[in-house]
Amino acid sequence: MFKTIKSKMIIMQTLMIFSILGILFVAFSAFSEEYYFNRKMHVIKKAFNYLTEQDIRHISYKDKGIMSFEEQKLRFIICDENFELIHVTTKKQKNKKVLNAKIKNQVIDKMDRYKLNELKMRNGPGKISGRAIISQDGHQYYVYIYELKTNMKIHFSYYTLFFGMVIIVVAIVGIIVSIIISNMICKPIKQIEANTREAVNNNYNINISEEQEFLELSGLAESINKMMVKIREQIESLEEEIQRKTNAENLRRQFVNNVSHEMKTPLAIISNQVEMLEILQDENKKKEYYQSIIEETEHMSQMINDMIIIYSIQNDEENLKVSYSDIIELVEFTCRDYDKLLEINNIAIHEDYPKECFAQVNEKFFTQAVSNYITNAIKHCKDNGNIFVRLLSFEDNIRVEVENDGTPIDVRKKDNIWDMFYQGNDGNLNGQKGSGLGLHLVKSIVEMHNGKYGFENKENGVVFYIELPKVQKTDSQG
């Protein structure tokens with residue numbers, strides 16, 4: 001119970017209130033009586049000063065000044081030099097014998113305590129008093145002013161009781177106020193705690209209000225919100241890393257499965273042809289089998305190379321190192337690699353380039369993508385057909401197009417053609433044996449460059465394209 005901030009605040013504030021009130025009560029008990037008596041002495045002196053300013057011979061019982069002092073519990077005995085009574089404070093009429101006895105006891109018998117024109121004060125056990133002789137017009141008047149301590153102590157006991165009750169009331173009110181203040185302070189703290197617990201259950205996706213009543217709590221809420229953002233970022237980063245590791249593992253398994261699956265057919269062909277070579281006697285047949293083995297070997301080599309590139313790209317093992325490149329030069333050199341194959345298949349190539357065209361690319365991967373498009377165009381080009389290679393330069397991007405004369409692509413296959421190992425019904429066209437990896441490799445390379453890829457059917461063929469962000473040539477880039 002006492003481990004909460006609220007309970008400790010209430011206890012500390014209660015102890016502080018009682019400590020302060022206790023100190024005040026002790027101080028009141030120790031010094032208030034003396035202070036009260038000192039104040040009474042001061043009032044007696046004022047009464048004496050008042051009498052020195054009056055014509056004592058003519059003072060009456062209706063004198064307002066005397067009456068005001070008597071209301072303050074002072075009592076007076078005033079007589080002349082012959083000890084004849086001028087004024088005495090009494091609540092009821094007393095006989096002359098009693099009054100003479102008062103004069104004798106307080107004046108005549110205590111003449112040594114009187115001093116001319118000077119008030120002699122005395123704080124006795126039963127009363128506080130002052131005596132003096134006032135000289136006026138050649139006559140002397142004896143003045144005795146006093147107050148009984150019995151009355152003072154009765155009044156003082158009431159004051160003490162009242163003060164004690166005030167202390168109790170103040171203590172109770174103080175405790176109530178302490179509880180209210182503690183609730184005001186602890187309520188937003190509990191709210192922040194509840195929000196924090198809720199944040200844990202909601203994947204730290206919560207924002208605590210920073211508009212708190214107290215500046216310190218606003219700072220705490222701001223710090224918690226920043227911490228939540230950091231935690232969310234770390235969680236997202238870990239989730240991305242876990243997903244990346246999962247994808248990498250899936251790719252590795254897929255790669256192994258694909259390699260083992262796709263290698264079975266060419267390996268089986270090679271195995272059968274090697275067995276046939278052992279029994280064949282016809283040299284021409286042997287040459288055909290040799291050539292077939294070479295083609296299958298090259299086909300497997302190309303397939304493995306393509307799969308390794310795809311795996312590296314998708315697994316982020318191949319860092320994309322780009323350079324400022326002349327795209328016209330890269331495309332033109334790539335086309336030259338196919339001059340002999342085009343000639344063999346009686347296919348004409350037509351090239352169209354702008355004056356200049358530059359982009360940030362990885363030259364190895366970019367030429368591989370263009371090469372795959374050209375290979376695909378040759379495979380599906382009709383006899384004595386044409387291939388068009390165009391490079392278009394726009395304000396913000398460049399576009400490489402490879403078009404052939406051939407059969408348009410079935411729109412139902414528009415998404416499938418980019419899948420790994422998808423070959424449709426075409427196995428070997430124009431001397432080009434497909435692996436089903438070419439267009440998938442283009443897709444991986446273009447995505448790696450943050451570009452776009454796709455195809456458009458024409459009336460007599462298909463246009464495949466690549467779009468990449470364009471950069472302007474500067475002097476520093478030559």
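Keep in mind that the numbers below use all heavy atoms, side chains included, and drop hydrogens, waters and symmetry copies.
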Legend entry - pair Ile44-Leu74: side-chain heavy atoms closer than 4.5 Å: yes
Legend entry - Asp326 to Cys357 - nearest heavy-atom pair and separation: OD1-O, 3.6 Å
Inset, instruction - Indicate yes or no: at least one non-hydrogen side-chain atom of His449 is less than 4.5 angstrom from one of Val361. - result: yes
Inset, instruction - Look at the side chain of Tyr373 and the backbone N and O of Glu401, then say whether any donor-acceptor pair between them is shorter than 3.5 Å. - result: no
Legend entry - Close side-chain approach of Asn397 and Pro469, heavy atoms under 4.5 Å: no
Inset, instruction - Verify whether one side chain among Ser371 and Tyr338 offers a donor that lies under 3.5 Å from an acceptor in the other. - result: yes
Inset, instruction - Would you please say whether a donor-acceptor pair under 3.5 Å links the side chains of Asp405 and Asn386? - result: yes
Inset, instruction - Evaluate the side-chain proximity of Arg390 to Val463: yes if any heavy-atom separation is below 4.5 Å, no if none is. - result: yes
Legend entry - Exercise: identify the closest heavy-atom pair between Leu330 and Thr334: O-OG1, 2.7 Å
Legend entry - Set of residues satisfying side-chain contact (heavy atoms from CB on, under 4.5 Å) with respect to Glu233, sequence neighbours excluded: Val229, Lys230
Inset, instruction - Taking all heavy atoms of Pro408 and all of Lys458, pick out the closest pair and write down the distance. - result: CG-O, 3.7 Å
Legend entry - Residue pair Asn362 / Val322: nearest heavy atoms and the distance that separates them: N-CG1, 3.8 Å
Legend entry - Residues which pass side-chain contact (heavy atoms from CB on, under 4.5 Å) with Lys452, listed by chain and number, not counting sequence neighbours: Glu467
Legend entry - Donor-acceptor contact below 3.5 Å, side chain Asn49 vs main chain Lys45: yes
Inset, instruction - Search all heavy atoms of Cys381 against all heavy atoms of Ile347 and return the closest pair with its distance. - result: CB-CD1, 3.8 Å
Inset, instruction - With ring-ring contact (aromatic ring centres under 6.0 Å, His included) as the test, would you mind laying out the steps for Phe358 and Tyr324 before giving the verdict? - result: CA-CA 7 Å; Phe358 298 90; Tyr324 183 77; 5.1 Å; yes
Legend entry - Set of side-chain contact (heavy atoms from CB on, under 4.5 Å) partners for Val462, sequence neighbours left out: Asn404, Ile409, Phe455, Asn457, Phe464
Inset, instruction - State which residues pass side chain to side chain donor-acceptor pair (under 3.5 Å) with Asp410; sequence neighbours excluded, sorted by chain then number. - result: Arg412
Inset, instruction - Could you tell me whether a side-chain N or O of Lys470 sits under 3.5 Å from a main-chain N or O of Glu395, the two making a donor and an acceptor? - result: no
Inset, instruction - Scan for salt bridge (Lys or Arg N to Asp or Glu O under 4.0 Å) pairs involving residues 337-349, sequence neighbours excluded, and state none if there are none. - result: Arg336-Asp339
Legend entry - For the student: nearest non-hydrogen atoms of Met121 and Gly130, plus distance: SD-CA, 4.0 Å
Legend entry - Flag, side chain of His350 to backbone of Phe388, donor-acceptor distance under 3.5 Å: no
Legend entry - Distance, nearest 0.5 Å, that separates CH2 of Trp418 from NZ of Lys443: 9.0 Å
Inset, instruction - Flag the pair Ile374 / Cys335 as yes when at least one side-chain heavy-atom distance between them is below 4.5 Å, and no otherwise. - result: yes
Legend entry - Test side chain to side chain donor-acceptor pair (under 3.5 Å) applied to His42 - qualifying residues, sequence neighbours left out: none
Legend entry - Neighbour count >12 (heavy atoms, 6.0 Å) for atom CZ, Phe333: no
Inset, instruction - Please determine if Lys127 and Glu147 form a salt bridge, counting it only when a charged side-chain N lies under 4.0 Å from a carboxylate O. - result: no
